[in-house]
Peer 1: 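Here it is: the structure, laid out below.
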Amino acid sequence: MGSTHIIDRRLNGKNKSAVNRERFLRRYRHHIKKAVAEAVKKRSITDVEHGESVSIPNRDIQEPIFHHGQGGRQEVVHPGNQEFLAGDTLPKPPDGGGQGQGNGQASQDGEGMDDFAFQITQEEFLNFLFDDLALPNLVRKRLKDTESFKYVRSGFSTQGVPAKLDVIRSLRGAHARRLGLSGARRRKIRELEEQLAALKIAPDDLDAAFSHADQIQVLEEEIARLKTNVKRIPFIDEIDLRYRQHLKQPQPATSAVMFCLMDVSGSMTQTHKEIAKRFFILLYLFLQKNYKKIDVVFIRHHTSAKEVNEEEFFYSRETGGTIVSSALKLMQKIIDSRYSPAEWNIYAAQASDGDNWNDDSPVCSKLLTDRLLPLVQYYAYIEITPQNHQMLWYEYEKILARFPHAFAMQQIADASDIYPVFRRLFERKAA
């Protein structure tokens with residue numbers, strides 16, 4: 001017996017039903033992931049400021065509903081019936097003969113072509129795009145989505161834990177409290193002591209109502225009473241305690257920079273460049289999901305390398321021969337001048353058809369192994385060609401054998417390989 005699914009249609013709040021939305025996204029995961037993969041092809045590399053509109057065929061979102069069965073014998077009177085008698089069989093209406101609303105594109109079996117369209121947010125878009133993927137070498141540095149904080153002083157509080165008790169500030173407050181509570185008494189004590197001293201040296205007045213000794217005794221008793229009251233004021237009270245207060249202040253964590261290196265020699269056609277662009281879009285979106293701050297550096301090269309903007313990177317018509325090492329040298333120069341490895345997570349992706357001068361490929365290998373790979377988190381090389389591998393591929397295979405955790409390489413034959421190759425490069429590996 002099949003399982004039964006009951007959809008909760010009860011109203012939530014003004015933000016609609018978040019639980020039902022999550023359930024809906026899980027249920028139609030396949031359709032949404034397909035729509036997300038198609039949307040990536042149409043976007044600029046840094047265009048991640050919006051979600052995506054997703055359409056699902058109506059036939060795929062049909063839900064079971066409860067009906068009241070006819071059951072038993074029923075007597076029904078239809079007013080105005082002049083055609084049927086008791087016991088007659090009603091003919092079934094022909095397909096497509098109903099009065100429902102549609103787009104007029106019903107098929108032979110009566111199924112329409114209307115689609116159910118809805119919008120997914122940017123966060124949902126990225127979650128579907130990079131499901132089951134992970135940045136390599138995460139052990140070396142924390143990701144930006146793990147916020148870093150530091151605690152800063154923000155004054156004092158009357159409540160806290162003993163470890164944060166500020167002794168000096170507490171004693172200072174206690175001293176001020178004692179001065180405030182005993183100030184009037186101390187002034188009175190000083191006045192009485194002055195009177196007592198004067199009275200002791202003064203001659204005895206026989207005509208006074210009180211004798212000289214009685215006056216001295218009264219002053220001494222009053223001074224003793226005031227001093228006792230002063231001593232009763234506690235040296236430190238609970239209200240005097242002051243605790244150091246700290247606030248949790250967010251700190252900018254380590255940022256990431258992505259180097260996009262692309263061969264623009266004569267052998268790289270516009271189709272090759274479009275495939276490279278889609279791969280770089282995926283990489284940028286992936287880093288954007290994990291880091292708050294992303295810098296993108298575009299380096300195009302033929303016989304010489306140049307740092308350019310995105311428009312020139314993909315659509316400039318400048319071309320020439322191929323010397324790949326020129327791009328690697330420029331990348332190292334930019335790292336040395338602007339991106340310290342102590343402060344930046346450095347990622348690089350190189351797209352090429354593999355064509356290179358034979359004498360230059362060993363130079364590229366030496367630059368990568370000796371200078372660049374010790375600085376970067378991850379270096380990915382994609383060769384865009386359906387043909388046999390070129391000399392650069394075989395040279396890079398030697399690097400892959402030495403640095404399997406920091407270096408990766410894949411081949412892309414056509415546009416359909418982009419996303420599978422990207423997933424293989426960034427698949428989540430066991431720790």
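All heavy atoms count here, side chains included; hydrogens, waters and symmetry mates do not.
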Peer 1: Please give me the minimum heavy-atom distance between Val161 and Tyr243, naming the atom from each residue.
Peer 2: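 Looking at all heavy atoms of both residues, the closest pair is O-CD2, 3.3 Å.
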Peer 1: For the backbone of Leu392 and the side chain of Asn356, can you confirm whether one donor and one acceptor N or O come within less than 3.5 Å of each other?
Peer 2: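 Absent.
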Peer 1: Taking atom CG of Asp359 as the centre, does the number of heavy atoms from other residues, nucleotides or ligands within less than 6.0 Å exceed 12?
Peer 2: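 No - once you tally the heavy atoms of other residues, nucleotides and ligands closer than 6.0 Å, there are 12 at most.
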Peer 1: Between atom OG of Ser361 and atom OH of Tyr394, what is the distance when rounded to the nearest 0.5 Å?
Peer 2: 12.0 Å
Peer 1: So for atom CZ, which belongs to Arg178, do other residues, nucleotides or ligands contribute more than 12 heavy atoms lying within a distance under 6.0 Å?
Peer 2: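 Buried by this count: over 12 neighbours within 6.0 Å.
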Peer 1: Would you call Leu261 and Tyr379 a side-chain contact if the rule is heavy atoms closer than 4.5 Å?
Peer 2: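 The answer is yes, as the side chains (C-beta and beyond) meet within the 4.5 Å cut-off.
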Peer 1: Are any of the side-chain heavy atoms of Gln390 and Asp353 separated by less than 4.5 Å?
Peer 2: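 Result no, sub-4.5 Å side-chain heavy-atom pair not found.
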Peer 1: Restricting to non-hydrogen atoms, name the atom on Tyr339 and the atom on Ile346 that form the minimum distance, rounded to 0.1 Å.
Peer 2: O-CD1, 3.9 Å
Peer 1: Would you mind telling me which of Val376, Ile335, Val297 makes a side-chain contact (heavy atoms from CB on, under 4.5 Å) with Val257?
Peer 2: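 Passing option: Val297.
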Peer 1: For Val167, check side-chain contact (heavy atoms from CB on, under 4.5 Å) against everything at least two apart and list the hits.
Peer 2: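 Partners of Val167 by the side-chain contact (heavy atoms from CB on, under 4.5 Å) criterion, ordered by chain and then number, come out as Leu171.
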Peer 1: Do the side chains of Phe280 and Val296 get nearer than 4.5 Å, heavy atoms only?
Peer 2: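 Not touching, per the 4.5 Å side-chain cut-off.
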Peer 1: With Ser325, which residues qualify under side-chain hydrogen bond (donor to acceptor under 3.5 Å, both in side chains), at least two apart?
Peer 2: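 For Ser325, the residues satisfying side-chain hydrogen bond (donor to acceptor under 3.5 Å, both in side chains) (neighbours in sequence not counted) are Asp360.
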Peer 1: Between Gln410 and Phe279, does a side chain to side chain contact (heavy atoms under 4.5 Å, CB included) hold up when you go through it step by step?
Peer 2: CA-CA 12 Å; Gln410 290 288 335; Phe279 180 85; over 6 Å; no
Peer 1: So with a 6.0 Å cut-off around CD of Gln159, is the heavy-atom count from everything else above 12?
Peer 2: no
Peer 1: Hey, could you give me the NZ/CG distance between Lys366 and Leu328, rounded to the nearest 0.5 Å?
Peer 2: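 Here the rounded value is 13.5 Å.
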Peer 1: Over 60° means perpendicular and under 30° means parallel, so classify the ring planes of Phe313 and Phe298, tilted if in between.
Peer 2: tilted
Peer 1: Could you walk me through whether Leu375 and Arg371 pass the side chain to side chain contact (heavy atoms under 4.5 Å, CB included) test, one step at a time?
Peer 2: CA-CA 7 Å; Leu375 304 178; Arg371 299 183 184 180; 5.9 Å; no
Peer 1: Quick one: closest heavy-atom pair of Cys260 and Met258, and the distance?
Peer 2: SG-CE, 3.3 Å
Peer 1: Please list every donor-acceptor pair under 3.5 Å in which a side-chain atom of residues 184-194 meets a protein atom from a residue at least two apart or in another chain.
Peer 2:
| residue | atom | partner | partner atom | Å |
| --- | --- | --- | --- | --- |
| Arg185 | NH1 | Leu181 | O | 2.9 |
| Arg186 | NE | Ser182 | OG | 3.0 |
| Glu193 | OE2 | Lys227 | NZ | 3.3 |

Peer 1: Any side-chain heavy atom of His389 within less than 4.5 Å of one from Glu397?
Peer 2: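 No; the side chains remain at least 4.5 Å from each other.
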Peer 1: Would you please classify the geometry between the Trp393 ring and the Tyr381 ring as parallel, tilted or perpendicular, with 30° and 60° separating the classes?
Peer 2: tilted
Peer 1: Can you name the closest pair of heavy atoms from His301 and Thr322 and give their distance?
Peer 2: CE1-CG2, 4.3 Å
Peer 1: Starting at CZ of Arg300, measure out to NE2 of His302 and round the result to the nearest 0.5 Å.
Peer 2: 6.5 Å
Peer 1: Drop me the distance from Leu367's CG to Leu373's CG, to the nearest 0.5 angstrom.
Peer 2: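 Here the rounded value is 10.5 Å.
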Peer 1: Could you give me the CA-CA distance, side-chain angles and deciding distance for Met268 and Val264, then say whether side chain to side chain contact (heavy atoms under 4.5 Å, CB included) is met?
Peer 2: CA-CA 6 Å; Met268 284 285 289; Val264 293; 5.6 Å; no
Peer 1: Show the nearest heavy-atom pair for residues Gly354 and Glu383, with the distance to one decimal.
Peer 2: CA-OE1, 3.5 Å
Peer 1: Pair up each side-chain donor or acceptor in residues 228-242 with any protein partner under 3.5 Å, not counting sequence neighbours, and list the distances.
Peer 2:
| residue | atom | partner | partner atom | Å |
| --- | --- | --- | --- | --- |
| Thr228 | OG1 | Ala224 | O | 2.8 |
| Asp240 | OD1 | Arg177 | NE | 2.9 |
| Asp240 | OD2 | Arg177 | NE | 2.8 |
| Asp240 | OD2 | Arg177 | NH2 | 2.9 |
| Asp240 | OD2 | Asp237 | N | 2.7 |
| Arg242 | NH1 | Ile239 | O | 2.8 |

Peer 1: Going by salt bridge (charged side-chain N to carboxylate O under 4.0 Å, His left out), name the pairs with one or both residues in residues 159-173, residues two or more places apart or in two chains.
Peer 2: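 Listed by first then second residue: Asp166-Arg244.
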Peer 1: Output the distance between atom CD1 (Ile384) and atom CD1 (Ile275), rounded to the nearest 0.5 Å.
Peer 2: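 That separation rounds to 5.5 Å.
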Peer 1: Can you name the closest pair of heavy atoms from Arg153 and His246 and give their distance?
Peer 2: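 Closest approach of Arg153 to His246, heavy atoms only: CD-NE2, 3.2 Å.
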Peer 1: State which residues pass side-chain hydrogen bond (donor to acceptor under 3.5 Å, both in side chains) with Glu395; sequence neighbours excluded, sorted by chain then number.
Peer 2: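 With neighbours one apart ignored, the set is empty.
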Peer 1: Could you grab the distance from atom CG of Asp295 to atom CH2 of Trp344, nearest 0.5 Å is fine?
Peer 2: 4.0 Å
